[in-house]
Amino acid sequence: MSALLESYAAGSWFRAEDEGRPLLDAVTGEEVARISSTGLDLAAMTDHARIVGGPAVRELTFHQRGAVLKAVAKLLGADKDELYALSARTGATLRDSQVDVDGGIGTLFSYASKASRELPADTIVLDGDTEQLGRTGVFLGQHLYTSRPGIAVQINAFNFPVWGMLEKLAPAFLAGLPTIVKPASQGAWLTEAVVRRIIDSGLMPEGSLQLLCGSPDGLLDQLGPQDSVAFTGSAATGALLRQHAAVVHGGVQLGVEADSLNCSILGPDVTTEDPELDLFVKGVVTEMTVKAGQKCTAIRRAIVPAAMADEVVAAISARLAKVTVGNPSAEGVRMGALASLAQRDDVRKAISTLRSSAEIVFGDPDRVDVVGADAERGAFMSPVLLRATAGATEPHEVEAFGPVSTVITYESLDEAIALAALGRGSLAGSLVTHDPQVARQVTLGLAPWHGRLLVLDRDDAPESTGHGSPLPVLVHGGPGRAGGGEELGGIRAVLHHMQRTAVQASPDMLTAITGQWTKGAAQQVDEQHPFRKSLAELRIGDTIRSASRTVTLDDIDRFAELTGDTFYAHTDAEAAAANPLFGGIVAHGYLVVSIAAGLFVDPDPGPVLANFGVDHLRLLTPVKAGDTIDVVLTVKQITPRASADYGEVRWDAVVSNADGAAVATYDVLTLVAKTLDNQEG
Ligand code: NDP
């Protein structure tokens, strides 16, 4: 008997009390492992997540959480060959395994890097600017995101045992949530191997990752209003979860990513002479054969102009004929097995339903030549291409979750868009066209029905990631039938797990709460110029009030000459007088900002190492020759960089004229040494 997969629960590995049920190798039909959760204490798991895991994650800043994800990515990257070997037993070819394993690791790296670049060195995220709620500015509103003291439960599908887990884990972890992963039983041996490596490494705080192998019955009963469930799988299970009392009455957040009848549309502009025809055909064949078509984003419906249908069917069939099916480890095999014999039965059933309004034009669902394996013991199947009859409904309703696609024809672009919408909401769609008008019309028609759209032509093809690849930086999830959930999309997925709250308070209170100086809050001016203070000494609210300086006509002339910016408003008195906004010569905006820098800098070598930019520059009031200006610079935000001897300081800058009117407002961004010892950088 093969090994019983274990769950990682409440700080230790748990073996079920019974022998479990066998999980079979998709290629050979041999038993790979057994699975059961009998006797598993689910309440202990959720308690452990809440009491141990959650607080440990939330103690870390976003940057520290990102560093953990990066270390986990490196750890798994060092062990890929062993993971590929386990993946092959799910029926995957090496290329399929790379999509799953490397795709998962890449997602971790992407989130690690986004955390350090796009999230603060903090545990909260501010959303948007402050809103002034009263007349004088003593009462403000600020939206902010905080971590929920809850649990992220992740229920994954069988098709991506590694990516499916890591693409949900990374954003949840960054959001400060401990995760309980429940992999699909089929292929769970691969997820278990990944979790074991992570747990053994000790990289993630204890309790932040637990694994549930086997039935999750009763798990949702343990969840409450700060918890969430992210589900990927069949629409039927998704519907069951939607009706669960914990979701309906208990306030548990549920995200569903279910089956989806994704389409690819061939534009009416494409002829047999165009490279786009080949791109379309390749796209359909790739989506039918990668992971043996067991991808939630695969192209199920190939929507083509009626006049091109024969050519398209012939070209797809010719390519499919070259696809060798068999044991992923055998030479030349391009497509492996489905995940299980049961899965193959389901696909065959779906094809027989599709046949009521479509005819098979390539392949035989019941027969396939197989290399290096037994076609019946392994879950092998031929790619099957169908062609729909006019008015067919089944191809828009039935998902055959395997190497199956249906060609559907259209007469007009409006009809193509209407056909796409018959899928009632999809994860991904693509359009292959080289006509910009077609691109706009179809994209606007399809967008409300899709989570992601690829517009493919000869120009972007060299770098295109393809129709079916979800990317960590782009949203994954679609409306309607696709479940209505949304994952990935960079930091969007992190914020999705956090609670957004509108906080109303005074500027000083907001400064204290957010850790960022808020306009109107106290400003400290002391004897020491803030540019002489290291990062360790600087405080939020430290301020310089500069001396004032009069901007002369000579300044403006010399700036125009120096820079070559001789725009008439700075150089031609008569023309400038006719300008309705200025009514005379005005200083260049950049001159004002440059003079302001001259007013606030402290020139000698010191802890300030560099100025690396200016954000949100607004020029509010024109400065005329003879106007006097000054600047107030205040420390707004301090962000130490984990991997350097310096950090970033964001300063609020307000340049005013003698009447006290704001002339320019902006943020100055500097790099400042952490201590006076390392001020040389
Ligand atoms: P399921 O919906 O049965 O399973 C998905 C996940 O949910 C698995 O982890 C499964 O665990 C778990 N699960 C099953 N029943 C429950 C329940 N009552 N409560 C909580 N969790 C539950 O989908 P399948 O994996 O069987 O796939 C069936 C079909 O789903 C495919 O043929 C395809 O049409 C579609 N699918 C869609 C995917 C997508 O990404 N959109 C991906 C994969 C499949 P266990 O495995 O232990 O039963």
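Both ligands and their constituent atoms are indexed starting at 1 by order of listing.
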Quick one: are the ring centres of H476 and W163 less than 6.0 Å apart? yes
Just distances here: any N/O of [X] and N/O of ligand 1 closer than 3.5 Å?
{"X": "N156", "answer": "yes"}
{"X": "S185", "answer": "yes"}
{"X": "A258", "answer": "yes"}
{"X": "S234", "answer": "yes"}

Rounded to the nearest 0.5 Å, what separates atom [atom1] in [X] from atom [atom2] in [Y]?
{"X": "L203", "Y": "R197", "atom1": "CG", "atom2": "CZ", "result": "13.5 Å"}
{"X": "F160", "Y": "S97", "atom1": "CZ", "atom2": "OG", "result": "10.5 Å"}
{"X": "R34", "Y": "W189", "atom1": "CZ", "atom2": "CH2", "result": "13.5 Å"}
{"X": "I265", "Y": "I417", "atom1": "CD1", "atom2": "CD1", "result": "7.0 Å"}
{"X": "T406", "Y": "L354", "atom1": "OG1", "atom2": "CG", "result": "5.0 Å"}
{"X": "E19", "Y": "T38", "atom1": "CD", "atom2": "OG1", "result": "11.0 Å"}

Have a look at ligand 1 and work out which part of [X], if any, has a heavy atom under 4.0 Å from it: side chain, backbone, both or neither.
{"X": "I155", "answer": "side chain"}
{"X": "A482", "answer": "neither"}
{"X": "D217", "answer": "neither"}
{"X": "P183", "answer": "backbone"}

Proximal atoms of ligand 1 relative to [X] (non-hydrogen, under 4.0 Å):
{"X": "Q343", "value": "31 (C), 32 (O)"}
{"X": "T237", "value": "1 (P), 2 (O), 3 (O), 13 (N), 14 (C), 15 (N), 16 (C), 17 (C), 22 (C)"}
{"X": "A184", "value": "8 (C), 9 (O), 46 (O)"}
{"X": "D259", "value": "34 (O), 41 (N)"}
{"X": "E257", "value": "39 (C), 40 (O), 41 (N)"}

For [X] and [Y], test the side chains for any donor-to-acceptor distance below 3.5 angstrom and give the result as yes or no.
{"X": "D221", "Y": "H244", "result": "yes"}
{"X": "T232", "Y": "N156", "result": "no"}
{"X": "T179", "Y": "Q154", "result": "yes"}
{"X": "R300", "Y": "S426", "result": "no"}
{"X": "K295", "Y": "N159", "result": "no"}
{"X": "K291", "Y": "T93", "result": "no"}
{"X": "T107", "Y": "E167", "result": "no"}

[atom]: the protein heavy-atom neighbour that sits closest, reported with distance to 0.1 Å:
{"atom": "atom 34 (O) of ligand 1", "value": "E399 OE1, 2.6 Å"}
{"atom": "atom 42 (C) of ligand 1", "value": "A157 CB, 3.3 Å"}
{"atom": "atom 19 (N) of ligand 1", "value": "L241 CD2, 3.9 Å"}
{"atom": "atom 25 (O) of ligand 1", "value": "F158 CD2, 3.0 Å"}
{"atom": "atom 39 (C) of ligand 1", "value": "C296 CB, 3.0 Å"}
{"atom": "atom 18 (N) of ligand 1", "value": "L240 CD1, 3.9 Å"}
{"atom": "atom 21 (N) of ligand 1", "value": "P216 CG, 3.6 Å"}
{"atom": "atom 11 (O) of ligand 1", "value": "K182 NZ, 3.0 Å"}

Taking the cut-offs as 6.0 angstrom to the six-membered ring centre and 45 degrees off its axis, would you call R196 and W13 a cation-pi pair? yes
Mark the output for F231 as yes if a heavy-atom distance to ligand 1 is under 4.0 Å, and as no if none is. yes
Contact between Q294 and ligand 1, counting heavy atoms under 4.0 Å? no
Does the protein put a heavy atom under 4.0 Å from atom 2 (O) of ligand 1? yes
Min over G233, A235, G477, C213 of heavy-atom distance to atom 37 (C) of ligand 1 lands on G233
